[in-house]
Structure formats: structure tokens, C-alpha cells
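Scroll down for the structure; my scribbles are underneath it.
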Amino acid sequence: MTLITDIRLRRILDSRGNPTVEADVVTESGGFGRAAAPSGASTGEYEAVERPPSEAIAAAREHAVPRLVGEVYAGNQRDVDAALHAADGTDDFSEIGANSAVAISMAGAKAGADVLGAPLFQHLGGTFRGANFPIPLGNVVGGGEHAADATDIQEFLAAPVGAPSVEDAVFANAAVHAAVSDLLSERGVPCGKGDEGAWAPSIDDGEAFEIVDEAVSLVEDEVGFEIKFGLDVAGAELYDADSGTYEYSDGSRDTDEQIEYIADLVEEYDLVYVEDPLDEDDYDAFADLTDKVGDRTLICGDDLFVTNTDRLVEGIDRDAANSILIKPNQIGTLTDAFDAIELATESGYDSVVSHRSGETEDATIAHLAVATDAPYIKTGAVGGERTAKLNELIRIADDAT
Ligand SMILES: O=C(O)[C@@H](CO)OP(=O)(O)O
Ligand SMILES: [Mg+2]
């Protein structure tokens with residue numbers, strides 16, 4: 001029933017106005033799945049390769065479609081993804097493009113779920129999933145590669161850790177986002193939004209910490225449950241390999257100073273989450289920081305691990321972190337993303353399923369998070385391409401998908 005009978009690929013717009021790849025997968029019994037690839041701006045050096053969409057589509061039509069249509073069952077995700085790897089023939093999807101690969105992989109999963117008549121999370125994770133929901137990390141202030149003339153730290157993320165339901169958590173993050181806007185206007189700081197919908201004020205990181213801390217406390221008092229916050233430092237973007245220093249607007253920090261700085265921030269603001277505090281090649285520095293503060297906060301590897309099990313194994317061996325960011329397009333298929341989550345879970349690492357800064361209405365990652373029992377999801381706070389995932393989580397909780 002789930003034999004793939006047709007695959008269509010096209011270019012559509014992403015949230016930055018750039019083209020991206022969308023895939024439709026159709027099965028023998030009329031099952032249908034559609035999915036689109038997201039795209040990063042602060043991409044890790046070791047990510048699978050995204051090709052220009054037209055090239056990725058042409059290459060996938062030539063190499064992947066013939067290996068899938070009439071050959072593979074969409075209900076068997078490992079077979080779909082193995083065919084994508086075989087069609088590509090490289091170890092980084094540089095032939096068909098990770099963007100074509102991930103769009104086909106996710107569309108295949110949706111087509112499989114459609115034939116089964118099951119919600120996607122259930123098809124991927126089994127019938128016992130759907131009781132637990134990830135805590136959404138919501139980007140409320142940001143800069144770095146996502147906005148010019150804003151904070152050095154890429155993302156300040158609200159974390160509603162005490163929310164009684166995913167719906168309460170999603171609304172709490174939107175309330176923190178609104179409170180930040182009020183506090184910025186009180187201070188007379190005009191500002192627009194960055195790529196992920198977070199406020200992108202032209203203030204220094206110190207002021208951003210004050211504002212986010214205050215916004216979180218205000219909303220915490222209002223809603224009556226615990227809200228904390230965290231960061232995506234995107235350390236590789238700040239790191240200058242020639243000088244060996246992290247370059248901030250107000251000066252540089254060497255690696256030891258960077259470790260101290262982050263450890264102090266964890267202490268001062270009781271941060272529950274710190275992503276990529278250090279350069280993507282520096283497992284040792286990650287391990288030092290994890291040793292210092294890993295018992296009280298999540299040290300998460302994004303550019304460090306790039307959803308890649310080989311890099312995760314190295315991180316686990318070296319005690320480099322205690323959590324991993326999971327972005328299916330960093331590695332190219334749902335199978336690879338699943339394997340990374342399973343290895344993380346077995347090794348006591350928390351998984352944080354994540355959007356990219358360039359997104360579409362595609363909500364697959366909401367299902368992926370529920371299917372794998374991931375404790376966190378990072379997918380923004382406001383904006384249509386972000387709320388597509390957040391609202392899908394609310395629907396999954398309401399049994400309405
Ligand atoms: O660094 C990140 O974690 C992501 C998503 O927030 O950004 P980008 O998609 O630009 O890599
Ligand atoms: Mg990141």
C-alpha cells in the first residue's frame with residue numbers, strides 16, 4: 001500500500017524569501033505527504049551540504065527519484081532514507097543536496113502516515129508516544145547571524161520549565177516576547193525582528209540579559225509557573241581562529257575567559273540552557289565548561305554535533321556536553337536524526353529538536369519531537385513559520401492532527 005508511485009519536487013519560498021525545496025510523495029494506495037527543507041544562516045562547518053535548490057532538485061530527479069518510485073515503501077522510513085543515501089553516494093549529501101534529501105525523507109514519512117491513517121508522530125514513534133511534550137525554547141531577543149546591529153549572542157530563549165501543559169508553555173513564550181517589547185519601548189529602544197521573529201534591538205548583551213530576565217519574571221508572576229531562560233551563543237560565529245579569541249562588540253575573550261564568562265552567566269541568571277557556548281572544533285573547551293556547570297544547566301551542541309552520530313560519539317567519549325540539538329536538515333534524513341536522538345538518550349544526553357532560521361510552514365519537527373519523547377524543542381515564539389510548529393504541538397496534545 002505504501003509503495004511510492006510518484007515524487008514531485010519544486011522550489012518554494014522560505015521565511016527569508018529565499019527558494020527552498022518542497023517534495024510531494026504519493027503512494028500506490030493514494031497516500032500523500034508533502035514537506036519542505038529549512039535552511040540555516042549560522043550553519044555548522046560539518047553539516048550535510050545544502051545545494052542551490054534548482055541544482056538539488058535536478059540532481060534528486062536524476063539520482064534519487066528512480067531509486068524510490070516503484071522501488072521503496074514509504075511506510076518503511078529506513079528504506080526510504082537508505083535509498084536517498086545510495087542515490088547520493090557521498091557522506092554529506094553533496095550530490096543530491098541535503099535540502100532535497102530531507103524534503104523527500106520527511107514527505108515520505110508523511111505519506112506513510114497518511115496511508116496508515118495515523119498522526120505522523122505515531123507513525124514515527126509508535127502508539128505509546130503522545131503523552132509527553134517537549135518544553136518549547138522560544139527565541140525572544142537575538143542578533144548574531146540572524147540580525148544586523150543587534151546582540152552578539154545569537155539567541156536569548158525563554159524556557160517555561162514549569163508549564164503544566166504544552167499549550168501553557170507556548171503561550172508563556174509569546175507573553176515573554178510581548179513583555180520584552182514593552183520593556184524595550186519603556187527604555188526608548190526602537191527595534192525590528194530578526195530572522196526567527198525575536199526582537200533584534202541595537203543594545204549590548206548586558207542590557208539584553210537585564211531585559212529578558214525582567215520579562216521572564218513578569219510573565220512568571222502572571223502565569224504562576226516557573227519560567228527560566230537560556231542562550232544560543234553560536235560560539236563558532238564569534239570565534240576568530242587566527243587570534244584564538246571570541247570577538248564581542250566590547251572586546252575579545254580567549255577560550256579560558258569565554259568559559260569563565262559563560263559559567264558566570266549561568267550562575268548569575270540561573271540559565272537552564274546554553275547552546276554552542278564555544279567553537280565547533282573545541283571539544284576540550286566544551287568539556288571544561290560542562291565539568292564546571294553541566295550539573296546545573298544544559299550544555300547543548302549544535303554546530304559541535306551537527307546531528308551527526310560520529311561527532312556525538314566523540315562528544316560523549318570526551319564528556320563535551322549533556323545535550324544535542326537535532327536538525328534533520330543538518331544530517332539529511334529522518335533516520336539519521338532518529339539515530340542521533342536514540343544515541344543521545346542512551347548516553348544520558350537530552351535532545352532539543354530544532355527549527356532553522358530559514359523556515360517554511362512545515363511542521364514535521366513538532367511530530368519528530370513528540371515521536372522521540374524529546375524533552376525540548378526550539379522553534380521560536382511568534383511568526384507564521386514558527387507558530388506552524390507550536391500550534392501543531394497544541395493540536396497533537398488535543399488529538400487533533
Ligand atoms: O543556530 C541555530 O541554532 C539555528 C536555529 O536557531 O540557526 P540557523 O538555522 O541559522 O543555524
Ligand atoms: Mg545554534
Side-chain angles (χ1 to χ4, degrees), residues 14-18 20 36-50 98-99 102 134 136-148 150-159 173 177 193-200 229-239 246 262 271 273-282 286 298-308 311 315 321 323-332 337 340 350-360 362 364-366 368-369 374 376-383 385-386 388-390:
D14 78 5
S15 54
R16 274 194 278 254
N18 294 328
T20 188
S39 175
S42 67
T43 46
E45 191 182 334
Y46 305 102
E47 292 194 19
V49 174
E50 172 188 312
N99 36 354
V102 82
L137 302 172
N139 194 356
V140 294
V141 170
E145 294 298 299
H146 295 166
T151 53
D152 292 326
I153 289 177
Q154 182 179 283
E155 300 168 24
F156 291 75
L157 298 148
N173 282 353
H177 188 271
K193 292 178 186 171
D195 286 351
E196 297 178 348
W199 300 108
F229 72 103
L231 309 172
D232 181 0
V233 180
E237 304 294 340
L238 298 172
Y239 188 66
Y246 293 82
I262 301 292
L271 301 177
Y273 179 79
V274 184
E275 180 183 325
D276 281 350
L278 294 145
D279 182 55
E280 61 202 336
D281 287 314
D282 205 343
F286 261 89
L298 290 179
I299 300 295
C300 183
D302 169 16
D303 294 345
L304 179 72
F305 295 138
V306 292
T307 319
N308 181 314
R311 292 188 64 86
S323 73
I324 177 173
L325 209 72
I326 300 291
K327 294 167 167 168
N329 84 317
Q330 265 180 341
I331 194 70
D350 280 337
S351 294
V352 183
V353 176
S354 173
H355 65 168
R356 301 305 308 247
S357 47
E359 269 294 342
T360 68
D362 192 283
T364 306
I365 58 166
L368 177 63
Y376 298 91
I377 187 168
K378 182 176 91 156
T379 187
V382 298
E385 71 282 3
R386 316 293 152 188
K389 287 76 162 163
L390 298 169

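Side chains included, hydrogens not; waters and symmetry mates left out as well; all remaining heavy atoms used. Both ligands and their constituent atoms are indexed starting at 1 by order of listing.
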Would you name the heavy atoms of Asp232 and Leu157 that are closest together and state the gap between them?
-> N-CD1, 3.8 Å
With heavy-atom distances below 4.5 Å as the criterion, would you say the side chains of [X] and [Y] are in contact?
| X | Y | value |
| --- | --- | --- |
| Leu325 | Tyr376 | no |
| Phe156 | Leu231 | yes |
| Leu304 | Phe286 | yes |

Polar protein atoms (N, O or S) that approach the Mg ion (ligand 2) to under 2.8 Å | Asp232 OD2, Glu275 OE2, Asp302 OD2
Could you tell me whether a side-chain N or O of Asn329 sits under 3.5 Å from a main-chain N or O of Gly332, the two making a donor and an acceptor?
-> no
Please confirm whether the backbone N or O of Ala41 pairs with a side-chain atom of Ser357, one donor and one acceptor, at under 3.5 Å?
-> yes
List in chain and number order the residues that pass salt bridge (Lys or Arg N to Asp or Glu O under 4.0 Å) with Asp195, two or more places apart in sequence or in another chain; answer none if no residue qualifies.
-> Arg16
Non-neighbouring partners of Glu196 that pass salt bridge (Lys or Arg N to Asp or Glu O under 4.0 Å), sequence neighbours left out = none
Per the salt bridge (Lys or Arg N to Asp or Glu O under 4.0 Å) rule, which among Lys378, Lys327, Arg356 passes with Asp302?
-> Lys327
For ligand 1, protein residues within the heavy-atom limit of under 4.0 Å are Gly40, Ala41, Ser42, His146, Gln154, Glu155, Glu196, Asp232, Glu275, Asp302, Leu325, Lys327, His355, Arg356, Ser357, Lys378
